[in-house]
Protein chains: 2
Amino acid sequence: MNAVRSNDPARQERLRALNLELVFRHVLAAEAPVSRTELAAATGLTRPTITRIVEELIAGRLVTETGATPDGRAGRPRMGLTVCRSGPAGLGLDIRTDGLAACVVDLSGTVRHLAFAPFTDTEAPAVLEHLGRMATEAADAAAAEGLTVVTATLAVPGPTDDGIVRTAPSLGWRDVNAGALLAEHLRHLDVHTDVDNEANLAARGELHRDTPDHFLYVSGGLDIGAGIILDRRLMRGSHGWGGELGHLTVDPDGKPCRCGSRGCLQTYASLAAILHGETLPDGLTADAALLTWADAGRPETIAALDTAATALGVAIANVLNLLDIDTVLLGGSFALLSSWLIAGVEAELAQRVLSARWAPITVRPATLGPDAAAIGAAMAVIDRIRRDPTEWLASGR
Amino acid sequence: MNAVRSNDPARQERLRALNLELVFRHVLAAEAPVSRTELAAATGLTRPTITRIVEELIAGRLVTETGATPDGRAGRPRMGLTVCRSGPAGLGLDIRTDGLAACVVDLSGTVRHLAFAPFTDTEAPAVLEHLGRMATEAADAAAAEGLTVVTATLAVPGPTDDGIVRTAPSLGWRDVNAGALLAEHLRHLDVHTDVDNEANLAARGELHRDTPDHFLYVSGGLDIGAGIILDRRLMRGSHGWGGELGHLTVDPDGKPCRCGSRGCLQTYASLAAILHGETLPDGLTADAALLTWADAGRPETIAALDTAATALGVAIANVLNLLDIDTVLLGGSFALLSSWLIAGVEAELAQRVLSARWAPITVRPATLGPDAAAIGAAMAVIDRIRRDPTEWLASGR
DNA sequence: TAATTTTTTTCATGGCTTGACATAACCTGG
DNA sequence: CCAGGTTATGTCAAGCCATGAAAAAAATTA
């Protein structure tokens, strides 16, 4: 693939940046430390070029030498190179249903800091002020390990548009400029702030070495959302409001939905819909209560989960027919309840997805749990530096 | 956008290729002839570099000089440069419901040759042999105008996978290796052959200067398909089987569909569904008959069109909620019937699309008519040469 | 016809990768 | 324990490409 889309003229320095990026991508993708010579063979560049580029990457704290590693063979031992664990880092913030989360991830994708705090207040200014404090603590914790936070990404439960939260029903927010407010609170950190949908970011979090190139991440909770990964990239639609799976129509004459439509998936498969108005036992979250009830064989709960699974299957089948994806990850509360959902979802998919005959479909629970969105948000740093390592190097931090 | 994804090392020659591509893209995008100096200003490259690149583009018949154009001002008049109309061309082939079409498009996107022939036989070998003959005629016609056909793209009514037509119900095809058969018949032409879904290619055909960056193209006919354009690029999913709009579920308990599922859009809005088993008047195609009947006020037809429009609206709303697109083009038979469909579709969209409150949705008929797929298929040459003009230049044709 | 203006081409300069060569560091065998 | 072999990494002149300045070309204007 030689696809290059740039509207800037290519000068000599661009060549250098291109190759630096190429080498860095190889270091990122490598599972074990690689030597300069291996990089030369893998990239097709010559050793001298690799030497020069690696020097630059080390100076910029993107890569470190792990020391000479004699491997028993004759000759000078290879000098291992890995992604630096004390260079730039990403900060992820998440507004969950139960509280706030902050997370720091380094370039290797390792979670280096993770904090959670229950809500004190769900009004936008208070939440963002609280997030600002958590962000500062996280950045300090990161700094103590030699990391420099360069990106801060906020996950919110609703569609966003250039930092503005259009609507977040679970919070009662509407047209809140979370991006600007957050940037205000993080002014002293000098980071690039961004706001995105929780499902998008959780999907990003689930994208790693072991996940396929294309998958659909479904986030279950009070609201249902989805993140679509195509070709290892997040699909975000024209404005970034994509993935509104919760408002796909399952039955055009179904129950009215809060959104003004009828028969949205939401009305069958959100936690509220599955709970069906039943009161929660003390100290249990909705998903935990449902799991307990279902495991105990409570018929109403099992029936509700079955209805939810069928509706989910219908909606997901639509996505799969449209986008030709063959892996589905059930995340959020759906991950916890997956043993009660997967069979029902799979049954609908087998019937409704046209390509299921040729390409088997995999449905499995997501792995990151409730921190998925915060982790995925923090991983923005990897995308950013991977896309343009030169930007970081030029910043000289 | 500086996104560069290349796994090849960047040598000096790549710099040259990158800039050549940049300049060529500017010439392609320009509405009127541009001078070398204008190109220098627009691209940010220097005049000497432009001169050298233009020389190469002219030698490779990608660009031509339109002659000095004195504009009344003092000074040496600018030498106009435009996309060459006698360089590489694309061949598009389409298997329509009523017959076969062949089309040649030059780099400016102008249709230079268009031919149609009714079916003599719908068996795969016969069809591809016939297409081979039409392709040869088209290539000869192109050669007579100085054009060289470099790509041949076949549009088929069904999902394809690496040249193989998985299923084309309207033709009764199943797992037909159309790509290999076509390549066989076109061996003497030395072209790059490709096979894709009719809806995808028609969407590509509708993508031009006046269409927005993101839109959904819906193709109505015996089958219903869709092409999704995001960021001026065709979205094709993981294997390229995306866009199966016809099999999106509109009502999970609806009528059984040929595909084995229930309540597919197909069962409400395909031409067969709208016709409802009524016999066609002699000499009229199904869509023309429906239009005549509807315009004459025939209540059954109007009711069927109304049902179809509602179902279409539900399915399209799903796509829009998922992908955040705000323009819908009704193509194929739906273009002809659009005056009877748009209102119904729009009503459903207004109710069901979450972002409709913030971003108005446009639904309008497609403009290219029945030749859309053949034209879009022929336009593959533009994508190919635009992506990598150096490949063509290196071929030395 | 000469001066002016704008476009296009020519030429020396500097950056980047390359290929050949030099150096460093480890293993094997006498 | 040391010489020779082997592998990894660093150094240097050469070639390619874009740049900036200056020259040449082609029109208008006086």
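Between the side chains of A/S108 and A/T110, at least one donor N or O lies within less than 3.5 Å of an accepting N or O. Between A/E206 and A/T367, the side chains place a donor N or O and an acceptor N or O closer than 3.5 Å (distance only, hydrogens not considered). With hydrogens and angles left out, the side-chain atoms of B/T390 and B/R16 include no donor and acceptor closer than 3.5 Å. Side-chain N/O atoms of B/H239 and A/D324 include a donor and acceptor closer than 3.5 Å.
Among the heavy atoms of the strands lying under 4.0 Å from A/P48 is at least one base atom, whether or not backbone atoms are also near. At a threshold of 4.0 angstrom between heavy atoms, the contacts of A/A10 are confined to the sugar-phosphate backbone, with no base atom among them.
Heavy-atom neighbours of A/R52 CZ from other residues, nucleotides or ligands within 6.0 Å: above the threshold of 12. Environment of CD in A/E55: sparse, with no more than 12 heavy atoms of neighbouring residues, nucleotides or ligands closer than 6.0 Å.
Counting to the nearest Å, the P atom of D/dC17 and the CG atom of B/L20 are 12 Å from each other. A/L18 has its CG atom 15 Å from the C1' atom of C/dG15, to the nearest Å. In this structure, CD of A/E56 is placed 9 Å from P of C/dC16, rounded to the nearest angstrom. B/E55 has its CD atom 12 Å from the C1' atom of C/dT10, to the nearest Å. In this structure, A/I50 atom CD1 and D/dT11 atom P are separated by 16 Å, rounded to whole Å. Rounded to whole Å, atom P of D/dT6 lies 17 Å from atom CZ of A/R78. One interatomic measurement links the two molecules: CD of B/Q12 to C1' of D/dC16, which rounds to 5 Å at whole-angstrom precision. Put simply, CG on A/L45 is 15 Å from P on D/dT9, counting in whole angstrom units.
Nearest-nucleotide positions on DNA chain D place A/M79 closer to the 5' end than the other of A/P9 and A/M79. Both A/I53 and A/P77 sit near DNA chain C, but only A/I53 has its closest nucleotide nearer the 5' end.
Side-chain N/O atoms of A/T51 include none lying less than 4.0 angstrom from OP1 or OP2 on D/dT9. The side chain of A/R47 places no N or O atom within less than 4.0 Å of a non-bridging phosphate oxygen (OP1 or OP2) of D/dT9. For C/dT17, the OP1/OP2 oxygens have no side-chain nitrogen or oxygen of B/R11 closer than 4.0 Å. Checking the phosphate oxygens (OP1, OP2) of D/dT19, a side-chain nitrogen or oxygen of B/T49 falls inside 4.0 Å. Put simply, B/T37 has a side-chain N or O that comes within less than 4.0 Å of OP1 or OP2 on C/dT8. Side-chain nitrogen and oxygen atoms of A/R14 include none within less than 4.0 Å of the OP1 or OP2 phosphate oxygen of D/dA18. Distances shorter than 4.0 Å separate none of the side-chain N or O atoms of B/R16 from OP1 or OP2 on D/dA18. A/R36 has a side-chain polar atom (N or O) that falls below the 4.0 Å cut-off from OP1 or OP2 of D/dG10. Between A/N19 and C/dC16, a side-chain N or O to OP1/OP2 separation shorter than 4.0 Å is absent.
Here the nucleotide nearest the side chain of B/T46, chosen from D/dT19, C/dT8, C/dT17, is D/dT19. Residue A/R76 has its side chain nearest to C/dA25 when only C/dT17, D/dC17, C/dA25 are considered.
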